2 protein chains.
Amino acid sequence: MYDDREILLMKTRLREAGLRPTNQRLALSSILYSQGNRHITAERLHIEAQEQGIRVSLATVYNTLHQFTSADLLREVVVDSSRSYFDTNMGPHHHFFIENKGELVDIDGDDVEIRGLPSAPDGHVIKGIDVIVRLVAPKT
Amino acid sequence: MYDDREILLMKTRLREAGLRPTNQRLALSSILYSQGNRHITAERLHIEAQEQGIRVSLATVYNTLHQFTSADLLREVVVDSSRSYFDTNMGPHHHFFIENKGELVDIDGDDVEIRGLPSAPDGHVIKGIDVIVRLVAPKT
DNA sequence: ATAGCTGCAAATGCTTTGCAAGGCC
DNA sequence: GGCCTTGCAAAGCATTTGCAGCTAT
């Protein structure tokens, strides 16, 4: 949970992004940003909010995730065709995706070097490079 | 369109995969494999089939795409959370994804080298490594 | 006051499924 | 003949949207 100082910080970040610091947005940011980097789906964020006694609708969770993504407070990671993951780590990095758990793990971007990529076709702008290492966890 | 020799070849490949070489499957393979490597969605494959006067239901297109994927005749590429792309190129390679066109372009895997990836967590098996270079095409 | 938010429920879009009829070996 | 396939329509699921009521400034 956020302490008072963090609430103020987040209020400022939201205002700077042109978003009103509503209770729902502050509560969701608390879940997102007060436990280190996270990879979370809309459904899971909704559940965690409920567990903390926060009343938010799933529609608002989706709205918030997209608004945060537009505001560069969050990024969307496409690894699974059936659900969207949102990542609070905005630095350059890549991912392990553990397919049988639906779990993402960060790979620090500073460690990784990609060589030999052809340049983008004429006029095209590179928006980003995603490296996804797909894993299967042991049966236990 | 397939010629007779190619039809026989595909019949064999299907049988080897434990799939009966039905008209629908042969027609869809013709669209998939007789024009070089392709990246295609279920919807587009369905449309192209109709255009060639082949009667196939969308459900059968989906079934076929998944059966071909299980049989290693096709691979699924996850780049867009709202639709699935299927890739006929089974060799090692990566992709440009042109976001404003929904279009995939192959990057030969032999040219690309990735250094510095940490090893997978204990016991985890690497199923594959995907590199996706996200592009935006010029407005023109 | 008023522009922006929220929640609800309905709608959407892609994908999957159940099942009866048809096709392949 | 018997099992595999197909097509249709219905169902499923994650996500989006419309809109009336509420809230921050």
Side-chain angles (χ1 to χ4, degrees), chain A residues 7-8 10-31 39-50 52-71 73-74 76-86 102, chain B residues 7-8 10-31 39-50 52-71 73-74 76-86 102:
Chain A
I7 291 180
L8 284 179
M10 184 48 71
K11 281 193 177 180
T12 306
R13 289 175 81 189
L14 289 177
R15 285 208 182 89
E16 282 170 351
L19 298 171
R20 288 186 183 167
T22 64
N23 286 332
Q24 287 86 337
R25 287 183 182 142
L26 288 169
L28 294 176
S29 1
S30 164
I31 297 174
H39 306 90
I40 200 169
T41 62
E43 195 193 0
R44 172 125 280 282
L45 179 54
H46 188 226
I47 290 170
E48 291 192 20
Q50 315 260 276
Q52 300 194 10
I54 300 158
R55 277 183 54 265
V56 207
S57 71
L58 187 54
T60 297
V61 172
Y62 275 106
N63 287 337
T64 303
L65 287 170
H66 289 135
Q67 291 153 352
F68 281 21
T69 301
S70 301
L73 299 172
L74 223 47
E76 192 176 346
V77 186
V78 181
V79 282
D80 179 334
S81 45
S82 74
R83 31 194 336 107
S84 287
Y85 287 79
F86 292 86
Chain B
I7 292 180
L8 284 179
M10 183 48 73
K11 281 194 178 180
T12 306
R13 288 175 81 190
L14 290 176
R15 275 199 250 269
E16 281 168 354
L19 298 170
R20 289 184 184 170
T22 63
N23 286 331
Q24 287 85 340
R25 287 184 184 140
L26 287 170
L28 295 176
S29 359
S30 165
I31 296 174
H39 306 91
I40 200 169
T41 62
E43 196 192 359
R44 172 126 278 281
L45 179 54
H46 187 225
I47 289 169
E48 292 193 17
Q50 314 260 279
Q52 301 193 10
I54 300 159
R55 277 184 53 265
V56 207
S57 71
L58 187 53
T60 296
V61 171
Y62 274 106
N63 287 339
T64 302
L65 287 170
H66 288 135
Q67 291 154 351
F68 281 22
T69 301
S70 302
L73 299 172
L74 224 47
E76 192 176 346
V77 186
V78 181
V79 283
D80 179 332
S81 45
S82 73
R83 25 182 357 96
S84 287
Y85 287 79
F86 293 85

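All chains are named by letter (A, B, ...) in the order of the sequence lines, taking the proteins before the strands, and each is independently numbered beginning at 1. Predicted, not measured: the structure shown is a model, and the values here were computed from it.
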Can you find a side chain N or O atom of A:Gln24 that sits less than 4.0 Å from OP1 or OP2 on C:dG7?
yes
Point-to-point distance, once rounded to the nearest 0.5 Å, from CD of B:Glu48 to CD1 of B:Ile54:
10.0 Å
Which part of the nucleic acid, if any, lies within reach of A:Ser84 when heavy atoms closer than 4.0 Å are counted: base, sugar-phosphate only, or nothing?
sugar-phosphate
With respect to the side chain of B:Asn23, which nucleotide from C:dC24, D:dT5, C:dC5 is positioned closest?
C:dC24
Please give, in whole Å, the distance from C:dC14 C1' to A:Arg83 CZ?
16 Å
Categorize A:His66 for me: base, sugar-phosphate, or nothing, with a 4.0 angstrom heavy-atom threshold over every strand shown.
sugar-phosphate
Does D:dT15 have its OP1 or OP2 closer than 4.0 Å to a side-chain nitrogen or oxygen of A:Tyr62?
yes
Measure the distance from CZ on B:Phe68 to C1' on D:dT5 and round it to the nearest whole Å.
13 Å
Is any N or O donor-acceptor pair between the side chain of B:Arg15 and the base of C:dC25 shorter than 3.5 Å?
no
Specify the separation, in whole Å, of atom CG of A:Leu14 and atom P of C:dT6.
10 Å
Under 4.0 angstrom, heavy atoms only, what part of the nucleic acid is B:Arg20 near: base, sugar-phosphate, or nothing?
base
Could you check whether B:Thr69 and B:Glu76, counting side-chain N and O atoms only, form a donor-acceptor pair closer than 3.5 Å?
no
Which part of the nucleic acid, if any, lies within contact of B:Ser82, taking any heavy atom under 4.0 Å across all strands shown: a base, the sugar-phosphate backbone alone, or nothing?
sugar-phosphate
Is B:His66 reaching over with its side chain to a backbone N or O of B:Tyr62, donor-acceptor style, under 3.5 angstrom?
yes
I want to check one thing: is the phosphate of D:dA14, taken as OP1 and OP2, less than 4.0 Å away from some side-chain N or O of A:Thr41?
no
Between D:dT6, C:dT6, D:dT15, which nucleotide gets closest to the side-chain atoms of B:Thr60?
D:dT6
Identify, between B:Asn63 and B:Pro21, the residue whose nearest nucleotide on DNA chain C lies closer to the 5' end.
B:Asn63
Nearest whole Å is fine: how far is D:dA24 P from A:Leu26 CG?
10 Å
Can you check the B:Arg55 CZ to C:dA21 C1' distance for me, whole Å?
12 Å
Could you state the CG-P distance from B:Asp80 to C:dG13, rounded to the nearest angstrom?
15 Å
Expressed in angstrom and rounded to an integer, what is the separation of A:Leu65 atom CG from D:dT16 atom C1'?
13 Å
Any donor and acceptor pair, going by atom type alone, linking the side chain of A:Arg25 with main-chain N or O of A:Arg20 inside 3.5 Å?
yes
From A:Thr41 OG1 over to A:Arg83 CZ, what is the distance, rounded to the nearest 0.5 angstrom?
5.0 Å
Checking contacts here: which listed nucleotide (C:dG7, C:dC5, D:dT5) is nearest the side-chain heavy atoms of A:Val56?
C:dG7
Take the protein atom NZ of B:Lys11 and the nucleotide atom P of C:dC25, then report the distance between them rounded to whole Å.
7 Å
